[in-house]
2 protein chains.
Amino acid sequence: MPIRSNDQIIHKAAWLYYTHGMRQDEVAQRLEISRASIAMYLRRAREMGIVTITTSNELFSDDVLARELEDATGLTSVWIVPEDRQAMDPAAEMPVVAASVFLELINKGDRIGVAWGRTVYHIADVMPFADLRGVTVVQLCGNLGAPYSYRPDQCTTEIARRLNAEGINLYAPLVLSSERLAEELRSEPVIREQLATISDCQLALYSVGGIEDDSHLVKCGALSAAEMHAMGSKGAAGVIAGQLIDRDGQWMDCGHNRRCMSADLGSIRAIKKRMLVVQEDSKFEPLVAALKGGFASHLIVTASMARRILDRWRTEGLDRNSSGKT
Amino acid sequence: MPIRSNDQIIHKAAWLYYTHGMRQDEVAQRLEISRASIAMYLRRAREMGIVTITTSNELFSDDVLARELEDATGLTSVWIVPEDRQAMDPAAEMPVVAASVFLELINKGDRIGVAWGRTVYHIADVMPFADLRGVTVVQLCGNLGAPYSYRPDQCTTEIARRLNAEGINLYAPLVLSSERLAEELRSEPVIREQLATISDCQLALYSVGGIEDDSHLVKCGALSAAEMHAMGSKGAAGVIAGQLIDRDGQWMDCGHNRRCMSADLGSIRAIKKRMLVVQEDSKFEPLVAALKGGFASHLIVTASMARRILDRWRTEGLDRNSSGKT
DNA sequence: TCAGGACATTGACTTTTGTCAGCTATGATG
DNA sequence: CATCATAGCTGACAAAAGTCAATGTCCTGA
């Protein structure tokens with residue numbers, strides 16, 4: 001199609017509209033054609049690449065990565081903790097970012113579920129003080145001795161204290177010695193009611209645990225290293241609120257899980273805003289399992305972790321957005 | 001306060017709107033804020049350079065006259081600002097075209113030299129925002145009080161700011177009161193090093209100054225009208241980066257030039273892409289001198305100026321392409 | 001602690017843009 | 001020379017975006 005005179009007018013229209021910021025009717029007047037035609041020319045100019053609209057990739061690379069991850073995984077919101085050259089350690093920065101994001105996700109009168117782990121403890125530790133009267137913080141899983149500073153109940157209490165919110169603890173051990181006892185305890189009205197209200201939460205905060213020898217559950221003595229190994233070979237991939245999940249993020253029907261006093265995974269998934277924070281790059285596989293299991297709507301990770309997830313999603317063809325992007 | 005939480009939401013809005021093509025109300029719904037806010041965020045995203053809208057400037061280079069001028073003069077590339085009824089005021093349009101072309105000539109990691117003058121100031125003033133981290137903008141000539149809005153250093157800084165590039169200023173006066181002082185200052189390591197890097201630039205931007213009473217140098221007080229007259233009768237034809245050149249575009253061995261703190265003309269000529277922008281038709285003779293001196297590889301002029309150059313080249317038999325053209 | 005200011009956010013309203021059926025000019029064809 | 005096809009253009013209406021005064025929120029400093 002050698003008709004260049006046509007392209008010329010498109011170029012002119014695009015220039016006047018986009019570069020000079022004229023309105024379509026002004027452009028139409030100047031070029032002495034109808035505004036409808038200008039609208040059409042402009043569309044063609046965009047299609048032909050005479051004008052290009054790009055979101056900045058260099059300057060906001062972390063934001064771009066976050067958006068791409070959201071697009072690929074369908075997560076509501078992703079925050080990337082930058083791995084700045086000279087900036088501080090990303091792992092150290094993360095709890096601060098997580099705490100402030102967490103705070104912003106809270107609405108008046110919300111009920112918030114908090115699980116436990118090293119990460120959650122660190123977040124509690126840097127949680128800013130706020131006046132969130134009317135908010136309730138509930139403990140998502142039973143108690144256990146701590147290799148770190150806080151026990152689960154103390155963690156919940158600390159967060160509640162800083163937010164000026166009400167803290168509700170789950171007064172039960174995380175793991176019982178028999179399934180029967182766990183079952184009976186779960187039937188106790190006080191406990192049952194508390195576990196039942198978990199799905200009413202508007203927001204949950206947790207991390208995902210690994211299944212290595214140095215994992216949280218092992219360190220706390222909830223599970224021996226040998227048992228953990230065994231579970232690993234049976235397909236366990238990570239830990240959510242004290243419970244083992246498989247590679248697809250499904251609850252595993254195993255002794256440990258049956259003896260566990262913790263939020264039902266279905267209840268957790270029912271919470272609208274599920275904020276998952278992962279500090280260590282070594283937790284990649286557990287994180288993948290947690291994401292596949294639908295345990296996150298809001299994710300906070302390092303840039304490198306984000307890239308790995310993105311890679312995985314793309315290679316496995318899980319990318320929800322396989323079609324056009326910039 | 002979360003780091004850049006504001007920018008995050010702006011980036012997200014821009015991403016959904018521009019990259020995904022969602023409507024503002026859809027974005028608003030997704031981010032759970034009002035559509036009015038989205039409209040505001042999007043405006044800021046454009047202002048901040050989070051999204052960039054660029055228009056092709058083919059309109060100005062795709063022109064018979066431009067081709068002829070390139071052929072005749074051996075210039076790499078010529079852009080013609082038309083003077084027809086449909087176009088904007090050519091004098092006002094030129095800085096816009098120049099800024100757009102300039103932007104297109106920049107590559108990743110480039111070092112760019114910027115001189116000073118009314119034209120360059122106007123270009124800086126309409127320079128679009130862009131995402132050019134890694135680019136360095138260096139000041140080609142020393143500083144001087146400004147009859148216009150910017151001093152040379154501010155001009156460099158402004159361009160760097162809009163491009164998100166690094167700006168490097170030359171902290172020295174444009175003209176010193178004695179040759180000895182100028183010489184000594186040029187030997188100062190800081191200054192010397194900076195002047196030495198100028199030939200490493202990949203791109204330079206400047207205009208050419210006239211030698212009339214209302215010329216830039218005279219208005220700024222760098223040279224009295226009488227001195228300028230005297231230089232004119234000694235053969236001065238124009239001004240490049242604060243320095244007088246003769247009719248052949250050669251550096252003039254005169255007091256002013258020796259007292260001048262500016263890029264060595266040889267260094268400027270060593271820059272591969274030398275973008276010369278001339279707005280006023282009255283600058284015809286200075287422009288001819290600049291072209292003869294090899295100060296341009298890329299030229300932006302009005303159509304009438306282009307025709308005058310072409311005439312001159314042909315009457316003087318300088319046309320490189322006297323034989324048949326395709 | 002509270003008044004006051006700065007700034008973000010919103011709903012309601014206005015302006016601008018997108019769309020499409022139908023009109024017009026052109027030119028190719030039988 | 002009439003007819004048809006085609007592409008381009010337009011008017012009128014619907015949809016979307018822009019704007020602004022009013023309101024809400026947060027912070028500062030007395």
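Keep in mind that what you see is a predicted model, and the values were worked out from it rather than measured.
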Practice problem: Name all pairs fulfilling the salt bridge (charged side-chain N to carboxylate O under 4.0 Å, His left out) condition that reach into residues 30-40 of chain B, sequence neighbours left out, sorted by first residue then second. | Solution: Lys272(A)-Glu32(B)
Quiz item: Rounded to whole angstroms, how far apart are CD1 on Ile38(B) and C1' on dT9(C)?
Solution: 11 Å
Exercise. Using the test salt bridge (Lys or Arg N to Asp or Glu O under 4.0 Å), find all partners of Asp110(A) that sit at least two apart in sequence or belong to another chain.
Key: none
Quiz item: Would you find a donor on one side and an acceptor on the other, under 3.5 Å apart, between the side chain of Gln202(A) and the backbone of Arg111(A)?
Solution: yes
Practice problem: Let me know the distance between CG of Leu16(A) and P of dT17(C), rounded to the nearest Å. | Solution: 13 Å
Practice problem: Kindly write out the residues that satisfy salt bridge (Lys or Arg N to Asp or Glu O under 4.0 Å) with Arg46(A), not counting sequence neighbours, or none if the list is empty. | Solution: none
Quiz item: Mind checking what makes ring pair (Phe, Tyr, Trp, His ring centres under 6.0 Å) contact with Phe60(B), not counting sequence neighbours?
Solution: Trp15(A)
Report, one pair per line, the protein and nucleotides 16-18 of chain D atoms (nitrogen or oxygen only) whose separation is under 3.5 Å.
{"from": "dA16(D)", "atom 1": "OP1", "to": "Arg23(B)", "atom 2": "NE", "distance (Å)": "2.9"}
{"from": "dA16(D)", "atom 1": "OP1", "to": "Arg23(B)", "atom 2": "NH1", "distance (Å)": "3.0"}
{"from": "dA17(D)", "atom 1": "OP1", "to": "Tyr17(B)", "atom 2": "OH", "distance (Å)": "2.7"}
{"from": "dA17(D)", "atom 1": "OP2", "to": "Gln24(B)", "atom 2": "N", "distance (Å)": "2.8"}
{"from": "dG18(D)", "atom 1": "OP2", "to": "Gln24(B)", "atom 2": "NE2", "distance (Å)": "2.6"}
{"from": "dG18(D)", "atom 1": "N7", "to": "Arg35(B)", "atom 2": "NH2", "distance (Å)": "3.1"}
{"from": "dG18(D)", "atom 1": "O6", "to": "Arg35(B)", "atom 2": "NH2", "distance (Å)": "2.7"}

Quiz prompt | Separation of dT10(C) P from Leu31(B) CG (nearest whole Å) | solution = 11 Å
Self-check item: Atom-to-atom span, CD1 of Ile33(A) to C1' of dT24(C) - whole angstrom
Solution: 16 Å
Quiz item: Counting side-chain heavy atoms from C-beta on, which of dT10(C), dC9(D), dT10(D) comes nearest to Ala36(B)?
Solution: dT10(C)
Self-check item: side-chain N/O Ser37(B) vs dT9(C) OP1/OP2, d < 4.0 Å
Solution: no
Quiz item: Tell me: CG of Asn107(A) to P of dT25(D), nearest whole Å?
Solution: 12 Å
Practice problem: In whole angstrom, give the distance that lies between atom OH of Tyr41(B) and atom P of dT19(D). | Solution: 17 Å
Self-check item: For Thr302(B), all residues meeting side-chain contact (heavy atoms from CB on, under 4.5 Å), sequence neighbours excluded
Solution: Glu83(B), Pro90(B), Met94(B), Asp281(B), Ser304(B), Met305(B)
Self-check item: Separation of dA21(C) P from Met40(A) CE (nearest whole Å)
Solution: 15 Å
